[in-house]
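Single-structure report; data block below.
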Amino acid sequence: MEKGLATKLTYAGGNEVLKKHAANVSQPKVAPIYMTSVFSFDDVPSLDAVYDGTANGYVYSRMANPGLDCLADIMAQAEGCEAAIPFASGMAAIITSIISYVGKGDHILASPVLYGAVYDYLKNEAPRFGIEVDFADFTNYDIEKHIKPNTKVLYTETITNPLMEVMDIKKIADSAHRHGAKLIIDNTFATPAVCRPMELGADIVAYSSTKYLGGHSDITGGIVCASAADIAHIQRFATLYGAMPSPFDAWLLTRSLRTLELRMRAHCENAQKVAEYFEKHPKIEKVHYPGLKASPFNALAEKQFYEGRCGGMLSANITGGEKGASGFIKHCESVKFVPSLAGFSTSVSYPAKTSHRAYSPQEREKLGIPMGQLRFSIGLERIEDVIEEFERALGKI
Ligand SMILES: *Cc1c(COP(=O)(O)O)cnc(C)c1O
């Protein structure tokens, strides 16, 4: 009997076609999107072999998917480490890494100037699970007095948000290792084109790939890089909690990473020019950018970062507090006001109103995040055009 239309539509283009392609002598030039949630097997022994690790193969996309593996491979090579795992967001990457190494009764030591949601998690969520968290100034190198016998994780960012402080990664890693703790570091602002923290001793490097790794403001994602042993450990939690990206987002990110080096070079050069322009402007009270000779972090940046690159992010305190900052934003024309960063075009954000809303006004003032402070994500434009726009906006406030 001829098969019914419903049956034809169900079976056609399946295994037979896919196998013919897989056995072909030609291969796609770039990795295709394996938009499949699950993989099929010819028989039970083939499935057993994959589970037992005696044969290569995929089972279920929450556990592994060829497109995600392709992305992980590029990232591990960029970072110069053994392995990596992609996640659905930066928060998923960071929180899964942290909880892979702590349980009830353990202690985390973190720096107080962190991405707002990570600070919120450490301050308000982790303690709900019996995890102790202390915050200490990691730029003040005497952090060892805050490390306890139950400290399992030290957590910080390579370049902090929004003050662009640069951490001395080697010193912090040495302190962690003397006490048997892991150093987990968020390298989102730097990327491997500026800094590779594992070369300086960090154990685990986490990214929001929503930012520079993606670079086009169109992907939400995260990635964790580490040794093969650490990635195998974290993989268990990643699979259990299930925060994997879709094969489509992994594919988009793979494409973005091909140009990471070129984009970062341009972001860094442009940011340096804007920082130097702001530094001389009478309506700017203070500029936070490690590439400036006046920055207290300039020497450390020169030592730790590649080719003097200091990233594409900077902050500037505008005269007139909230009125000055809001006026500046209102008078920008092409530069968009967005509560994120690292896109191809320059954008401005307002830490006190967005990323650092969870902090009290007193906490913000103490940290050095006043109401007049704006944070800039410098893009890939011809920078003179952006500076001209800033000049007009500053002239109007
Ligand atoms: C955006 C960001 C995160 C969070 O990443 P998501 O992709 O939004 O979950 C973490 N750390 C830093 C430094 C970030 O900029």
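Each ligand, and each atom within it, is numbered from 1 in the order the structure gives.
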Is it the case that ligand 1 has an N or O less than 3.5 angstrom from some N or O of Gly90? yes
Does the N or O separation between Met91 and ligand 1 drop below 3.5 Å for any pair? yes
Quick one: are Glu132 and Asp106 in side-chain contact, heavy atoms under 4.5 Å? no
[X]: numbered ligand 1 atoms lying under 4.0 Å from its heavy atoms:
X: Ser89; result: 7 (O), 9 (O)
X: Thr210; result: 6 (P), 7 (O)
X: Ser208; result: 1 (C), 2 (C), 3 (C), 4 (C), 5 (O), 6 (P), 7 (O)
X: Gly221; result: 7 (O)

So, are Lys366 and Glu363 salt-bridged, with charged N and O less than 4.0 Å apart? no
If the threshold is 4.0 Å, N to carboxylate O, is there a salt bridge linking Glu276 and Lys280? no
Taking the inter-plane angle between the rings of Phe344 and His216 on a 0 to 90° scale, is it parallel (under 30°), tilted (30 to 60°) or perpendicular (over 60°)? tilted
Please confirm whether the ring centroid of Phe376 lies under 6.0 Å from the ring centroid of Phe278. yes
For ligand 1, is any non-hydrogen atom under 4.0 Å from Asn161's backbone (N, CA, C, O), its side chain (CB onward), both, or neither? neither
What protein heavy atom sits nearest atom 8 (O) of ligand 1, and how far off is it? Tyr115 OH, 3.8 Å
Among all the protein's non-hydrogen atoms, which is closest to atom 1 (C) of ligand 1, and how far away is it? Lys211 NZ, 1.4 Å
Heavy-atom proximity to atom 11 (N) of ligand 1 ranks first, among Asp186, Thr188, Leu114, for Asp186
Reported CZ-to-CG distance for the pair Arg265 and Leu380, which is rounded to 0.5 angstrom: 12.5 Å
State the NE2-CD distance between His288 and Glu165, to the nearest 0.5 angstrom. 8.5 Å
